[in-house]
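Computed from a predicted structure; not experimentally measured. Chain letters run A, B, ... following the sequence lines, proteins first and then strands; every chain starts at 1.
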2 protein chains.
Amino acid sequence: MDVEDTKYNNTKELILDAAEALLQDRGFNAFSYHHIAQQLGVKNAAIHYHFTSKTDLGTTLIRRFRQRFRDYTRTLERENAGPVSKLECYFAIPASYLQNGRKICPLGVLEAEFNAIPEPMQLESRLLDKEMRDWLAGVLDDGRSQGVFNFEGSIVDKTLVVVAALQGVLQIARVAGPQIFSVTVRQIKRELGVLEKAV
Amino acid sequence: MDVEDTKYNNTKELILDAAEALLQDRGFNAFSYHHIAQQLGVKNAAIHYHFTSKTDLGTTLIRRFRQRFRDYTRTLERENAGPVSKLECYFAIPASYLQNGRKICPLGVLEAEFNAIPEPMQLESRLLDKEMRDWLAGVLDDGRSQGVFNFEGSIVDKTLVVVAALQGVLQIARVAGPQIFSVTVRQIKRELGVLEKAV
DNA sequence: AAACTTACCTACTTATCAGTAAGTTCAGAA
DNA sequence: TTCTGAACTTACTGATAAGTAGGTAAGTTT
């Protein structure tokens, strides 16, 4: 028989969902157990039943991001998605963050608060960054080899600019308005040589 | 006679200096009056003497960033700096943040914590963003007109990508190491058509 | 049906936070 | 020499944080 999950309810997942939204909305140090508890209609101690500490909650959260990204890319692989399609899917991630309440990249939050989060979360953050950036580098490499992308500079350099720009623009959208996002994505695509259509 | 500053000591400025470093290191919600007080060898209440509230301290801090940027650009104007020179000076700002203890852009911090900072600070953040981005847009516009820059897309679009990429890469440097910064700046320059030398 | 586990809750502790009220020190003006 | 105000300190408050001890109802296993 399957241990956990199937038994009883899914409060644990609901806690993670609430924590995830709060993390991307306010940051790790600006949300409390009380925020989550109130939202779920449970008491503070219920969260401690599922997660021994806030550090535990935080690291579990990042591991879930990592797993989700792995699942996502694996699905794209199964579907034999090409580089252009993969790139579009990559852009769709921050786009959904923006739409769903002006959230920002989890990595952006964690990096901004990096010196004020527990070490286990710092380690998980490093892994998440590496995995995402390595994957995108692979996509850009394939795309250039196949001639569907056309850009200057090395794969690593270009990947950094794309990742950094997307992370940055989500944050800037909070002070400058959400409309700057699509504008920036358009420019990024242009500079990847992937946009042949009009401006 | 000059009011304030000349009289007595400069604790107020020292408080702002400490708060500024803490902001860019840990974020607004992750530093306390105690951090500052301990660092300066004064008591908690001494900070409250100079700043009525943490909100007051925060807004003063952002206003100081704004003033500093205005002074900086005004100096460049007086020196008749060209677009390339101005761009180099703009890159020098995040470069100094990185060198001085892996700090990140103040705006990046404020945007990441945007939904967890007081409204007066949100307003000041908007102004800081607008002023900096408008200035850079002017530089890119001049540079393109003068033929020293060569890039695709509109001025606004390009400015956003440059600003977002710089803000993002400072944050990513925390998990990926400081060496990625110069690499990214090199790529940004390349894509501004300002780098004629070898890769 | 007894024994055990899950999934909580109530009630608490300890620590830290921003903020305040009232008193102290001391330089310089009157 | 007294007085005034700037620049603090001491000693506190109330709020909120994460975390814990112990209890309980309902479901599961044996």
Side-chain angles (χ1 to χ4, degrees), chain A residues 1-20 22-23 25-62 109 113 115-122, chain B residues 1-20 22-23 25-62 110 113 115-122:
Chain A
M1 68 191 85
D2 273 74
V3 189
E4 46 190 344
D5 270 322
T6 51
K7 273 186 184 176
Y8 301 96
N9 56 20
N10 58 338
T11 301
K12 190 168 185 174
E13 286 300 313
L14 290 174
I15 291 169
L16 283 170
D17 291 343
E20 180 177 310
L22 284 163
L23 176 80
D25 186 59
R26 305 173 50 89
F28 187 72
N29 288 304
F31 79 82
S32 70
Y33 279 36
H34 188 67
H35 283 103
I36 301 170
Q38 216 170 14
Q39 207 171 305
L40 299 196
V42 297
K43 290 301 151 82
N44 206 312
I47 301 164
H48 265 101
Y49 170 76
H50 292 285
F51 301 94
T52 59
S53 65
K54 202 182 175 186
T55 302
D56 180 28
L57 173 60
T59 51
T60 306
L61 210 49
I62 308 174
V109 177
E113 295 186 282
N115 299 320
I117 60 174
E119 201 188 299
M121 290 181 63
Q122 295 181 337
Chain B
M1 69 192 86
D2 272 73
V3 189
E4 46 188 346
D5 271 322
T6 51
K7 270 190 187 176
Y8 301 94
N9 55 22
N10 57 338
T11 302
K12 189 167 184 175
E13 286 298 315
L14 290 174
I15 291 168
L16 284 170
D17 291 343
E20 181 178 310
L22 283 162
L23 177 79
D25 186 60
R26 303 173 51 89
F28 187 73
N29 289 303
F31 78 81
S32 70
Y33 279 35
H34 188 66
H35 283 103
I36 301 170
Q38 217 169 14
Q39 208 170 304
L40 300 194
V42 297
K43 292 300 151 84
N44 206 311
I47 302 163
H48 265 101
Y49 171 76
H50 292 286
F51 301 95
T52 59
S53 65
K54 203 183 176 186
T55 302
D56 180 28
L57 174 59
T59 51
T60 306
L61 211 49
I62 309 175
L110 296 165
E113 295 186 282
N115 298 321
I117 61 173
E119 200 187 300
M121 290 181 63
Q122 294 181 337

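- As rounded to whole Å, 12 Å separates atom P of dC8(C) from atom CZ of F51(A).
- For dC8(D), the OP1/OP2 oxygens have no side-chain nitrogen or oxygen of Y49(B) closer than 4.0 Å.
- Protein atom CD1 of I47(B) is 15 Å distant from nucleotide atom P of dA7(D), rounded to whole Å.
- Side-chain contact between L16(A) and L57(A) is present, with heavy atoms from C-beta onward closer than 4.5 Å.
- Put simply, the side chain of V42(B) does not reach to within 4.5 Å of the side chain of I15(B), judged on heavy atoms.
- Nearest heavy-atom pair across F28(B) and K54(B) is O-NZ, 2.8 Å.
- Atom P of nucleotide dA7(C) and atom CD of E13(A) are separated by 12 Å, given to the nearest angstrom.
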**Item:** Sequence-aligned protein contact record of nucleotides 14-20 of chain D, with B where the base is within under 4.0 Å of a protein heavy atom and S where only the sugar-phosphate is
**Value:** ---SSBB
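- The phosphate of dT10(C) (OP1 or OP2) has a side-chain N or O of K43(A) nearer than 4.0 angstrom.
- Under a cutoff of 6.0 Å and an axis angle of 45°, K43(A) and Y49(A) do not form a cation-pi pair.
- Closest non-hydrogen pair, I117(B) versus Q122(B), comes out as O-NE2, 3.6 Å.
- A donor atom on one side chain and an acceptor atom on the other are not found under 3.5 Å apart for N29(B) and N29(A).
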